[in-house]
Colleague: 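Attaching a single structure in structure tokens format; questions to follow.
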Protein chains: 2
Amino acid sequence: MDQKVISSAVIKRLPRYHRYLGDLLESGIERISSNELSEKMNVTASQIRQDLNNFGGFGQQGYGYNVEYLYHEIAKILGIDRENSMIIIGGGHFGQTLANYSKFEQRGFVTKAIFDVSPERIGESVRGIMTYSMDELESWLAENPVEIAVLTIPKQAAQEVADRLVACGVKAIWNFAHLDLKVPKGVVVENVHLSESLMQLSYRIAAKKEK
Amino acid sequence: MDQKVISSAVIKRLPRYHRYLGDLLESGIERISSNELSEKMNVTASQIRQDLNNFGGFGQQGYGYNVEYLYHEIAKILGIDRENSMIIIGGGHFGQTLANYSKFEQRGFVTKAIFDVSPERIGESVRGIMTYSMDELESWLAENPVEIAVLTIPKQAAQEVADRLVACGVKAIWNFAHLDLKVPKGVVVENVHLSESLMQLSYRIAAKKEK
DNA sequence: TGATTTTTTTGAAAAAACTAACAAAAAAAG
DNA sequence: CTTTTTTTGTTAGTTTTTTCAAAAAAATCA
């Protein structure tokens, strides 16, 4: 029923609000006004208020926002107030690094398994997370449905694997492969293209030199 | 002299154009019109033409764009037509993974050294890239200036290290630490906040369920 | 209680991003 | 060599996003 579409510009800012509120929470600050927060975060107070009001009124006139409450409300909006289970496809350096990264777990993103094609990796485990053969993908997922599949495989294999994941009912892909995946409507893909990020940095270096 | 400021929305799209042109080049296609490209990339032809025209007229009426020429021109704009040297600060899993990733090298991003605080890592090497002590950072950089420093350290240490890097003349930081770095004007920072990316994915999963 | 603070909410203005349209140039066709 | 077609470069128009302003409401604080 909550049919209003929130612009992606707003969504992108939410995790940052959440982070700052987490920092405030840690330093024991109980309340904050949009004005104070705007100074810390270097955005306008108006934008903070408007962003938050997309989801409801979390503040109180004359008081501001309760840090802990707002922190948890944003977590709810972001869907990180519950467990999100993940599998990692691709047990190479990158996949293992992500499996190793315990910060994700603290946010509720729990990696359940790693899948890989190469026989020597199968059976290995990282922090207790087992590596299975890609052949077992379908049967494993049938028994253990997950929210998110993380793709850390070469782009040549990525589309085919994505198709298999979608066929197994996976509805969200965190894609590190350097291509644009084609998925049916209803499946969400979030891309992390590191080389593109690096190129943007490079552009800004180059652009500065020209001046 | 080239004082026109290009919007970051345009910059973000350039690497993607470059990638598609690279694919076309590999499949031996010599020319392409903005219309054909727009179909492949799922953007409007108008946007492609306008984006490119920010940097000059690379096409020809009645012909379209020469794939190879445009590919190299975009590379020039992005500053990836030359070597960009990097150091990685933080020799943990993530730092090592990035050092291992040879794709960056193919694009001209060459990692020269890794720096770390923990004694057991110092002296280790990844693909011939040596790990040095953080104590050696200043002296090493004095001898070997680099374009880009990659920060893959915990956020607690990140600002202090960034300050040291800036003091050594580093002008660009690729930041994986989960905080907003404060740097003087003239230093560029490109953030990769993986947990924020994951949260955006999580939001989209949660938002879909509500319908 | 009454003055003050600060959000909520609305509306409008300004800026940014995107799309559509078209003249001009080149290529292709006849 | 002329005409038609293609397709860019560029301008104008539209939509989206952001910023700004201000009234109303609610809570705080003295």
Side-chain angles (χ1 to χ4, degrees), chain A residues 2-17 20-21 24 29-74 77 196 200 203-204 207, chain B residues 2-17 20-21 24 29-74 77 200 203 207:
Chain A
D2 208 76
Q3 284 297 28
K4 184 173 48 170
V5 175
I6 312 291
S7 88
S8 72
V10 176
I11 310 304
K12 280 207 191 84
R13 285 190 292 266
L14 286 181
R16 188 152 174 267
Y17 293 136
Y20 272 83
L21 288 163
L24 290 169
I29 293 165
E30 274 181 25
R31 57 184 266 192
I32 192 152
S33 71
S34 57
N35 241 305
E36 286 172 273
L37 191 57
S38 84
E39 276 166 35
K40 279 189 202 294
M41 296 189 60
N42 232 27
V43 295
T44 63
S46 185
Q47 186 169 61
I48 293 176
R49 290 198 296 269
Q50 210 164 333
D51 280 351
L52 296 177
N53 260 86
N54 280 303
F55 304 98
F58 302 122
Q60 217 155 34
Q61 290 97 330
Y63 177 90
Y65 298 89
N66 178 284
V67 172
E68 190 173 0
Y69 174 68
L70 186 56
Y71 179 77
H72 289 299
E73 284 301 313
I74 294 179
I77 295 165
E196 298 194 358
Q200 284 169 48
Y203 169 83
R204 292 204 275 152
Chain B
D2 208 73
Q3 284 298 30
K4 184 174 47 168
V5 176
I6 311 290
S7 88
S8 71
V10 175
I11 311 304
K12 278 206 194 87
R13 285 191 292 265
L14 286 181
R16 189 152 174 266
Y17 292 137
Y20 272 83
L21 288 164
L24 289 170
I29 292 166
E30 273 181 26
R31 57 183 268 192
I32 191 153
S33 71
S34 57
N35 239 306
E36 287 173 272
L37 191 57
S38 83
E39 276 165 34
K40 279 188 201 295
M41 296 188 62
N42 231 26
V43 295
T44 63
S46 189
Q47 184 167 63
I48 294 176
R49 292 201 296 271
Q50 207 167 20
D51 281 351
L52 296 177
N53 256 84
N54 280 302
F55 304 98
F58 302 121
Q60 214 156 38
Q61 285 100 328
Y63 176 90
Y65 298 89
N66 178 285
V67 172
E68 189 173 1
Y69 174 69
L70 186 56
Y71 179 77
H72 288 300
E73 284 301 312
I74 293 179
I77 294 166
Q200 283 168 48
Y203 169 83

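FYI, side chains are in, hydrogens and waters are out, and symmetry mates aren't considered; it's all heavy atoms of this structure.
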Colleague: Are the side chain of Glu36(B) and the backbone of Ser33(B) linked by a donor-acceptor contact shorter than 3.5 Å?
Modeller: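 Yes; judged by distance alone, with no hydrogens or angles, the pair exists.
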Colleague: Could you state the atom-to-atom distance from CD of Gln60(B) to P of dA23(C) in whole Å?
Modeller: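 Distance, rounded to whole Å: 21 Å.
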Colleague: Which listed nucleotide (dA24(C), dA27(C), dT7(C)) is nearest to the side chain of Gln61(B)?
Modeller: dA24(C)
Colleague: Taking only residues at least two apart or on different chains, which pairs with a member in residues 60-74 of chain B satisfy salt bridge (Lys or Arg N to Asp or Glu O under 4.0 Å)?
Modeller: Glu73(B)-Lys76(B)
Colleague: Between dT8(D) atom C1' and Ile48(B) atom CD1, what is the distance in whole Å?
Modeller: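 Ile48(B) atom CD1 is separated from dT8(D) atom C1' by 12 Å.
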Colleague: Can you tell me how far P of dT6(C) sits from CD1 of Ile32(A), to the nearest Å?
Modeller: 11 Å
Colleague: Report yes if at least one side-chain N or O of Tyr65(A) is closer than 4.0 Å to OP1 or OP2 of dT8(C); otherwise report no.
Modeller: yes
Colleague: The test is side chain to side chain contact (heavy atoms under 4.5 Å, CB included); show your working for Leu52(B) and Tyr65(B) and say whether it passes.
Modeller: CA-CA 11 Å; Leu52(B) 296 177; Tyr65(B) 298 89; 3.7 Å; yes
Colleague: Return no unless some side-chain N or O of Ser7(B) is found under 4.0 Å from OP1 or OP2 of dA16(C).
Modeller: no
Colleague: May I ask you to verify whether the side chain of Gln50(B) and the base of dT19(C) hold a donor-acceptor pair under 3.5 Å?
Modeller: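 Side chain to base: pair found, below 3.5 Å.
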Colleague: Quick check: do Asn53(B) and Gln50(B) have side-chain heavy atoms less than 4.5 Å from each other?
Modeller: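 They are not in side-chain contact.
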Colleague: For Ser33(B) and Gln47(A), find the nucleotide of DNA chain D closest to each by heavy atoms; which residue's nucleotide sits nearer the 5' end?
Modeller: Ser33(B)
Colleague: Return the value, rounded to whole Å, for the distance between atom CG of Leu70(B) and atom P of dG9(D).
Modeller: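 Result: 10 Å.
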Colleague: OH of Tyr63(B) versus C1' of dT5(D): gap in Å, rounded?
Modeller: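 Between C1' of dT5(D) and OH of Tyr63(B): 17 Å.
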Colleague: Rounding to a whole Å, what distance do you find between Asn54(B):CG and dT11(D):C1'?
Modeller: 14 Å
Colleague: Side chain of Ser46(A) only, heavy atoms from C-beta on: which candidate in dA24(C), dC20(D), dC18(C) is closest?
Modeller: dC20(D)
Colleague: Would you mind reading off the distance between Phe55(B) atom CZ and dT10(D) atom P, rounded to a whole angstrom?
Modeller: 14 Å
Colleague: Take Ile77(A) and Phe58(A), measure what side chain to side chain contact (heavy atoms under 4.5 Å, CB included) needs, and give me the verdict at the end.
Modeller: CA-CA 12 Å; Ile77(A) 295 165; Phe58(A) 302 122; 4.0 Å; yes
Colleague: Answer yes or no: does a side-chain N or O of Arg49(B) lie under 4.0 Å from OP1 or OP2 of dT8(D)?
Modeller: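 True: Arg49(B) side-chain N/O within range (under 4.0 Å) of dT8(D) OP1/OP2.
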Colleague: So, is Ser34(B) near the phosphate of dT7(D), with a side-chain N or O under 4.0 Å from OP1 or OP2?
Modeller: no
Colleague: Within less than 4.0 Å of OP1 or OP2 of dT5(C), is there a side-chain N or O belonging to Arg31(A)?
Modeller: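 No, because none of the side-chain N or O atoms of Arg31(A) sits under 4.0 Å from OP1 or OP2 of dT5(C).
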Colleague: Tell me: CG of Asp51(A) to P of dT7(C), nearest whole Å?
Modeller: 14 Å
